[in-house]
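Data block below; observations after.
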There are 2 protein chains.
Amino acid sequence: MGQYRITSDRSLVDSIDLRKTYLFSQLNDEQIDRIKKVSTGIHMEDGDVLFEVGNKAARFFLVLEGQIKLSRLSLNGNEKVIEVVSPGHTFAEALMFLEQPSYPVRCVALGKTALIAFDNEVFLKLLHESTETCFRVMGDMSLRLRHLIKEIDDLTLQSATGRVAGYLCGMLLFKGQERFNLETPKGVLASRLSVKPETFSRILHGFIDEGLVSVKGGHIEVLNADGLRKHAESAGICGQRLGPGNQMNVQFGN
Amino acid sequence: MGQYRITSDRSLVDSIDLRKTYLFSQLNDEQIDRIKKVSTGIHMEDGDVLFEVGNKAARFFLVLEGQIKLSRLSLNGNEKVIEVVSPGHTFAEALMFLEQPSYPVRCVALGKTALIAFDNEVFLKLLHESTETCFRVMGDMSLRLRHLIKEIDDLTLQSATGRVAGYLCGMLLFKGQERFNLETPKGVLASRLSVKPETFSRILHGFIDEGLVSVKGGHIEVLNADGLRKHAESAGICGQRLGPGNQMNVQFGN
DNA sequence: ATGCAGAATTGATATTTATCAATTCCTATC
DNA sequence: GATAGGAATTGATAAATATCAATTCTGCAT
């Protein structure tokens, strides 16, 4: 568990078609080449730390494989997972507009993970040439803002039980079926939902007792969606789409 | 208390120099004219509601005078103040990149308030012509993202006491002097800090008992800044500046 | 000045969630 | 298949904050 297992791999960059990624979809061949030239492929193992809170932020990233955990730490050692980033999604690109960008979160690999690191400076130059790409970035950030507001909403207007129920309802909607697997260990998920693991366990078992779900390890089956929804009384503003010509393309599955 | 007191006023638009506002600072005369032509000045009285959660968002706003409260509501009638916007600052501009933008918050005037409403469509066209202005928008959104992450941090890794202490430390830093007034009624501030008014009162009196502050109505005097800081053990990532050429211009005082 | 209404405070109590400690359950590795 | 070690669960208890109810304060309008 440490940085030493992190390896770079140029072939990752060569093999990928960046045009398939929302942020790069409007760039021409020459521009894609330019950004690729200064990009690095990265392999990480479970628990590897890519950067810590406060590290200078000169690059942003695209997840190809595995998952990335972004979290904040308190002085007394508590950790709050801000986001779990899945393949096909970029992160840390919003930082390049700050004067002396530094990462506001710690970045850790969940499982074996592959990603590409892009150079902020080069991408900023590209942005100056491509209004369309600016719009991609703005759309991207707009969605992210929405999610964070929703998160604050959940934290302040919703109980821990409500957040867990809300998460399960979200998964149900997202996966489109009653049976699914949690995409992360329960401890990570608990932190993502701002609940202690013990409390998370108790809440889940409360749902089981009510006959709302059945749980076997990380495998969930929702038995009574309406019952769950009653616990998750949220306004539910999330899931909004981007404006005309700005549709998000999610690829790589997931 | 209602929309009927909201009045529009073209002269507000004519009188203002938009170039002084961060977001518009890179536009040329013709562009400024174009946006002004479809803008409206608005006067509001205390408690007036400009829009509700879910309203179609076709405009964004600049506060000229007074204050704007942006809040979310839960089904059981609880309110969480997401932000209090002061003169010189814009709000709701991040929404125009969404497909069918709707306001994720309710907007209420705090006291007598004047603002300008800008048309999303026209501004979007302007953005297509001005990469510089795109950069303004991106810088703007980047800062906003930071603030929201800080907010989530405070909510999850900090106690209510810590948040109140943190707020007071922030004010101390911002105002640059030990004596200052709370810029909003205590109830609004409490909601902003996600604390019930009763709890807020008790926490504040706890600080008084410790000899950290003295309070007279909305007037605060910090007697022991270090003592306060000890209560507010935060990482403190906020207050980051924008990148080169992207400095935020705060004007209109405040 | 006087009185009124909303805001703020205070007290008593209830709830929620965290904390601490002890098991039990997986799963990866030998 | 055995087994070690982290993850998850369970139980008992504590702490923080919310809730409910009753005053008191304050600023504004008469």
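Bear in mind that the values here come from a model prediction, so they are computed numbers and not experimental data. Each chain gets a letter, A, B and so on, in the order the sequences are listed, and its residues count up from 1.
The span of DNA chain C lying next to chain A, judged by atoms under 4.0 Å from heavy atoms, is bounded 5' to 3' by C:dT17 to C:dC20.
Along DNA chain C, the nucleotide nearest B:T184 and the nucleotide nearest A:G217 are compared for position; the residue whose nucleotide lies closer to the 5' end is B:T184.
A donor-acceptor contact closer than 3.5 angstrom is absent between the side chains of A:S191 and A:E79.
Look at CZ on B:R163: it is 8 Å from P on D:dA18, rounded to the nearest Å. Rounded to an integer number of Å, the gap from A:L157 CG to D:dA18 P is 12 Å.
Residues from residues 194-205 of chain A lying near DNA chain C, meaning a heavy-atom separation below 4.0 Å, are A:K196, A:E198, A:T199, A:R202 in numerical order.
Counting only heavy atoms from C-beta outward, the side chains of B:L168 and B:V213 approach each other to under 4.5 Å. By the 4.5 Å heavy-atom criterion applied to side chains, A:S194 and A:K80 are counted as neighbours. When side chains are defined from C-beta on, B:P104 does not count as touching B:V53, because their heavy atoms never get closer than 4.5 Å.
An OP1 or OP2 oxygen of D:dA15 is reached within less than 4.0 angstrom by no side-chain nitrogen or oxygen of B:S159.
The one candidate from A:D9, A:T7, A:T113 that meets the side chain to side chain donor-acceptor pair (under 3.5 Å) condition with A:H43 is A:D9.
Shown here for B:H219 and B:N181, the closest heavy-atom pair between the two residues is ND1-OD1, 3.0 Å.
Aromatic ring orientation, A:F61 versus A:F91: parallel (interplanar angle below 30°, classes split at 30° and 60°).
Under the 6.0 Å cut-off for aromatic ring centres, A:H231 and A:F207 qualify, their centroids lying closer than that.
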